[in-house]
Q: 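Below are the structure tokens for one structure; questions will follow.
None of these values were measured; they are calculated from a predicted model. Counting starts at 1 for both ligands and their atoms, in listed order. For the single chain, residues carry numbers from 1 onward in sequence order.
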Amino acid sequence: MSRIGLFFGTDTGKTRKVAKMIKKLFDDETMAKPLNVNRAVAEDFSNYDYLILGTPTLGEGLLPGLSAECENESWEEFLPQLEDQDFTGKTIAIYGLGDQVGYADEFVDAMMEIYDFFIEKGAKLVGTWPTEGYEFDHSEAILDDKFVGLALDLDNQQNLTEERLNSWLQSISGDFDLTL
Ligand SMILES: Cc1cc2nc3c(=O)[nH]c(=O)nc-3n(C[C@H](O)[C@H](O)[C@H](O)COP(=O)(O)O)c2cc1C
């Protein structure tokens, strides 16, 4: 049984691609196989004390799901299934994909939806991320001058993805007891 759950939602597959990049860096005992939340059940979440959660933003603050015109259900439909779970004692880290050029006023907003949901249920957040190195006008996903998770832009800064991912994983390695 792996120690860390790795869950994502996606529309066009990029958030899955990043999940696979994360998984590739670890063995099976450390990191679970990435699971699309449209295939997950609530019990899958209760198995883990450590969770990495990935989401794209698809419209103003919108999580992927049917309201965002995704083909399949996603975070939007899955989160209500977790409504009764207590995440006290669990640690989460969030990564979010967005497009800072096309959506400069709402860059990676959906990370905040994930943040709000899990923090309200008692989870502890790690892995906040600096806003330097991006050019955008506004993001809802910023608290105390930092993104609430790793912001990735595969549409405009694909070449920075691997480097950002490695630094981010390094930054959460203490809290997640990871060896990189
Ligand atoms: C209809 C649509 C709306 C989008 N809205 C936003 C947005 O509000 N903010 C943002 O940062 N990116 C936005 N994006 C960009 C996506 O988040 C980005 O392309 C992401 O990498 C897609 O991830 P996925 O392939 O996992 O679905 C939008 C993309 C589409 C197609």
Q: Counting only nitrogen or oxygen atoms and a 3.5 angstrom limit, does Pro56 reach ligand 1?
A: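 No.
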Q: Please identify which atoms of ligand 1 are closer than 4.0 Å to at least one heavy atom of Gly59.
A: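 So the atoms of ligand 1 that pass are 3 (C), 4 (C), 5 (N), 6 (C), 7 (C), 8 (O).
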Q: I'd like to know if Lys14 pairs up with Asp155 as an ion pair, taking the criterion as any Lys NZ or Arg NE/NH1/NH2 lying under 4.0 Å from an Asp or Glu carboxylate oxygen.
A: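 Counted as a salt bridge, because a side-chain N and a carboxylate O are separated by less than 4.0 Å.
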Q: Heavy-atom contact check, 4.0 Å cutoff: does Asp109 meet ligand 1?
A: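 No, Asp109 has no heavy atoms under 4.0 Å from ligand 1.
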Q: Against ligand 1, does Leu58 come closer than 4.0 Å with any heavy atom?
A: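 Right, Leu58 reaches ligand 1.
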Q: Applying side-chain contact (heavy atoms from CB on, under 4.5 Å) between Thr57 and each of Leu97, Asp109, Leu62, report the one that passes.
A: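 Filter result, single survivor: Asp109.
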Q: Within ligand 1, which atoms have a heavy atom of Asp11 less than 4.0 Å away?
A: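 In order of numbering, the contacting atoms are 24 (P), 26 (O), 27 (O).
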Q: Which atoms of ligand 1 have any heavy atom of Asp155 under 4.0 Å away?
A: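 It comes down to these atoms of ligand 1: 18 (C), 19 (O), 21 (O).
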Q: Going by the side-chain contact (heavy atoms from CB on, under 4.5 Å) test, name the single residue among Leu79, Ile94, Leu125 that passes it with Phe118.
A: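 So the option named by the test is Leu79.
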Q: Give the atoms of ligand 1, by number and element, whose distance to some non-hydrogen atom of Thr10 is under 4.0 Å.
A: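 Ligand 1 atoms under the 4.0 Å threshold to Thr10: 24 (P), 25 (O), 26 (O), 27 (O).
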Q: Testing Val108, Thr55, Thr15 one by one against Tyr95 for a side-chain contact (heavy atoms from CB on, under 4.5 Å), which residue passes?
A: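 Looking at Val108, Thr55, Thr15, the match for Tyr95 under the side-chain contact (heavy atoms from CB on, under 4.5 Å) is Thr15.
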Q: Between Asp84 and Lys121 (salt bridge meaning N to carboxylate O under 4.0 Å), is one present in this structure?
A: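 So Asp84 does not pair with Lys121 through a salt bridge.
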Q: Any nitrogen or oxygen of Leu154, main chain or side chain, under 3.5 Å from a nitrogen or oxygen of ligand 1?
A: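 For ligand 1, there is no N or O atom that lies under 3.5 Å from one belonging to Leu154.
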Q: Any atoms of ligand 1 less than 4.0 Å from a non-hydrogen atom of Gly98? List them with their elements.
A: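 Checking each atom against Gly98, I get 10 (C), 11 (O), 12 (N), 17 (O).
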